[in-house]
Amino acid sequence: MSLSEPVRDQAPRLVIRSQVVDDVSAQLLDHLPAEGGLAWVRRGDGQVGWGVAARLDVAGGNRFQDAMRWWQEITAAAVVRDDVGVPGSGLVCFGSFGFTDEDPSVLVVPEVIVGRRAGTTWVTTVSPASSLPAPPELVKHEPSPVYDVTFADGARTGTAWSSIVAEAVRRITAGELDKVVLARDLIAIAEQPIDLRWPLHRLATSYPNCWTFSVDGLIGATPELLVRREKGLITSRVLAGTIRRTGDDAHDLALAASLARSSKDLEEHEYAVRSVAEALEPHCKSMNVPETPFVLHLPNVMHLATDVAGVANNGASALGLAAALHPSAAICGTPTPVARDLIGEIEGMQRGRFSGPVGWMDASGDGEWCIALRCGQADPENPRRMRLFAGAGIVAGSNPNAELAETNAKLVPMRDALGD
């Protein structure tokens with residue numbers, strides 16, 4: 001079987017039951033078991049899950065289409081009793097997709113999901129049609145701290161990566177392309193096996209306005225919503241243009257003002273917004289694209305941000321919209337095909353699922369997909385190791401040393417989350 005062929009059996013016939021429950025921990029992540037946890041949490045709301053009722057592993061140029069076809073088969077055969085009736089209840093899957101066609105992608109339907117939204121908390125059980133288990137007794141688990149973490153260069157040293165940025169600037173100045181996003185990785189090595197729940201808790205606490213996620217060993221807290229579809233409304237948050245915070249409020253306000261006036265960052269941001277708006281336009285009967293960005297303040301950095309919104313004019317699912325958007329200029333470049341080729345030529349590493357879509361979707365096709373940023377990938381062969389990732393948008397005015405500093409700032413959330 002080639003990598004482009006999805007790994008799956010015939011779609012199982014599943015029975016799904018969602019019920020409102022009480023006495024659930026204020027931290028949904030508290031309920032995750034030691035292994036195989038799935039998570040999608042923001043501001044205390046979201047879903048966590050565990051167990052595997054169905055799973056699809058897929059790669060190749062048709063990975064999104066194969067995934068959507070598989071999900072249609074799953075939902076068509078499912079029997080759903082949803083006593084909750086809010087986004088995220090009923091049948092849902094969690095997913096994470098590779099940046100390139102060759103990188104692995106996965107969709108997972110958990111056996112148990114605990115969700116919360118707007119004060120309502122529920123439990124969903126997913127089982128074969130031959131059984132209908134009672135809702136499980138929810139147990140709080142304590143994650144094990146991560147001690148004695150050291151960090152090592154990944155595919156490139158900082159100096160080598162800066163030289164790659166200089167080469168990208170040369171190509172841009174020569175007129176080959178307008179923008180390219182270059183990524184680098186860092187290796188984290190702990191003394192003991194890493195309990196992924198420990199950094200997940202720390203990320204959710206430190207970055208409540210980001211989407212904290214865990215899918216098949218990829219964990220992180222991303223600030224960038226690729227696309228949300230909910231009851232006919234489509235939204236996307238575009239981030240491009242970054243400056244590091246200092247911790248001094250007055251100085252940070254001045255830095256935010258300088259970011260909002262930076263011609264280099266505004267140029268980078270414009271490319272990213274334009275790519276999102278053009279990808280969503282065929283799926284919307286009306287759209288709102290603000291003319292100027294706002295400055296999004298996060299604990300470690302500030303970003304230029306634009307929220308694009310539209311009213312759906314067709315039945316494209318959240319995943320279908322994510323497929324139309326990926327890769328956007330925010331994580332690839334402009335023109336996209338040229339930038340993608342340049343990344344493959346000079347970046348010097350496999351991104352895996354970093355900067356690919358990560359999120360969830362329900363049986364109606366509604367859901368949320370973010371870009372997998374500020375994240376780390378657990379090493380399946382060595383539980384003491386993780387790869388951490390960061391990237392930066394390169395345009396004609398980019399300075400290699402400044403771009404390296406930007407990636408260091410973006411690595412802070414995962415580095416801090418792994419600390420003791």
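This one's a predicted model, so the numbers in the text were calculated from it and none came from an experiment.
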With heavy-atom distances below 4.5 Å as the criterion, would you say the side chains of [X] and [Y] are in contact?
{"X": "Val15", "Y": "Pro128", "answer": "no"}
{"X": "Ile16", "Y": "Thr125", "answer": "no"}
{"X": "Arg117", "Y": "Val84", "answer": "no"}

- Residues which pass ring pair (Phe, Tyr, Trp, His ring centres under 6.0 Å) with Phe99, listed by chain and number, not counting sequence neighbours: His326
Output all residues satisfying salt bridge (Lys or Arg N to Asp or Glu O under 4.0 Å) with [X], sequence neighbours left out; order by chain, then residue number.
{"X": "Arg42", "answer": "none"}
{"X": "Asp83", "answer": "Arg17, Arg81"}
{"X": "Glu267", "answer": "none"}
{"X": "Arg245", "answer": "Asp252"}

[X] and [Y]: side chain donor to acceptor below 3.5 Å:
{"X": "Trp40", "Y": "Glu368", "answer": "yes"}
{"X": "Ser25", "Y": "His31", "answer": "no"}
{"X": "Ser18", "Y": "Thr124", "answer": "yes"}

For the [atom1] atom of [X] and the [atom2] atom of [Y], what is their distance to the nearest 0.5 Å?
{"X": "Leu225", "Y": "Asp307", "atom1": "CG", "atom2": "CG", "answer": "8.0 Å"}
{"X": "Leu388", "Y": "Leu418", "atom1": "CG", "atom2": "CG", "answer": "6.0 Å"}
{"X": "Asp379", "Y": "Arg384", "atom1": "CG", "atom2": "CZ", "answer": "10.0 Å"}
{"X": "Tyr207", "Y": "Asp416", "atom1": "OH", "atom2": "CG", "answer": "6.0 Å"}
{"X": "Gln377", "Y": "Arg385", "atom1": "CD", "atom2": "CZ", "answer": "12.5 Å"}
{"X": "Ser127", "Y": "Glu111", "atom1": "OG", "atom2": "CD", "answer": "8.5 Å"}

What's the shortest heavy-atom distance between [X] and [Y], and which atoms?
{"X": "Ile234", "Y": "Cys284", "result": "CD1-SG, 3.9 Å"}
{"X": "Gly310", "Y": "Leu233", "result": "O-CD1, 3.3 Å"}
{"X": "Ala330", "Y": "Val181", "result": "O-CG2, 3.4 Å"}
{"X": "Asn401", "Y": "Ser162", "result": "OD1-OG, 4.3 Å"}
{"X": "Val48", "Y": "Ala39", "result": "CG1-CB, 4.1 Å"}

- Query: Which salt bridge (charged side-chain N to carboxylate O under 4.0 Å, His left out) pairs, counting each pair once, include a residue from residues 181-199, with sequence neighbours left out?
  - Reply: Asp185-Arg387, Asp195-Arg197
- Query: Between Arg351 and Phe389, is NZ or CZ placed under 6.0 angstrom from the six-membered ring centre and within 45° of the ring axis?
  - Reply: no
- Task: Return the set of residues passing side-chain hydrogen bond (donor to acceptor under 3.5 Å, both in side chains) with Ser206 (not counting sequence neighbours), or none when no residue passes.
- Result: none
- Query: By side-chain hydrogen bond (donor to acceptor under 3.5 Å, both in side chains), which residues pair with Thr235, not counting sequence neighbours?
  - Reply: Arg228
Which residues pass the side-chain contact (heavy atoms from CB on, under 4.5 Å) test with [X], not counting sequence neighbours?
{"X": "Ala363", "answer": "Thr75, Leu91"}
{"X": "Asp362", "answer": "Val92, Trp360, Ser364, Asp366"}
{"X": "Ala316", "answer": "His283, Asn314, Leu321"}

Using a 3.5 Å cut-off and no angle test, enumerate the donor-acceptor pairs between side-chain atoms of residues 288-304 and protein atoms at least two apart in sequence or in another chain.
from, atom 1, to, atom 2, distance (Å)
Asn300, ND2, Ala409, O, 3.0
His303, ND1, Thr242, OG1, 2.9
His303, NE2, Arg374, NH2, 2.5

With a 4.0 Å cut-off on N to O distance, would you call [X] and [Y] a salt bridge?
{"X": "Arg69", "Y": "Glu73", "value": "no"}
{"X": "Arg274", "Y": "Glu281", "value": "no"}
{"X": "Arg353", "Y": "Asp103", "value": "no"}

- Message: Checking Lys410 against Glu403 for the salt bridge (Lys or Arg N to Asp or Glu O under 4.0 Å) test, could you report, in this order, the C-alpha distance in whole Å, the side-chain angles of both residues, the deciding distance, and whether it holds?
- Response: CA-CA 11 Å; Lys410 291 175 177 177; Glu403 300 300 342; over 6 Å; no
- Message: Tell me whether the rings of Trp369 and Phe97 are parallel (<30°), tilted (30 to 60°) or perpendicular (>60°).
- Response: perpendicular
- Step by step, work out the side-chain contact (heavy atoms from CB on, under 4.5 Å) result for Trp198 and Ser144. CA-CA 6 Å; Trp198 179 261; Ser144 299; over 6 Å; no
- Determine, step by step, whether Phe213 and Thr222 satisfy the side-chain contact (heavy atoms from CB on, under 4.5 Å) criterion, reporting the C-alpha distance in whole Å, the side-chain angles of both residues, the deciding distance to 0.1 Å, and the verdict. CA-CA 8 Å; Phe213 61 88; Thr222 177; 3.8 Å; yes
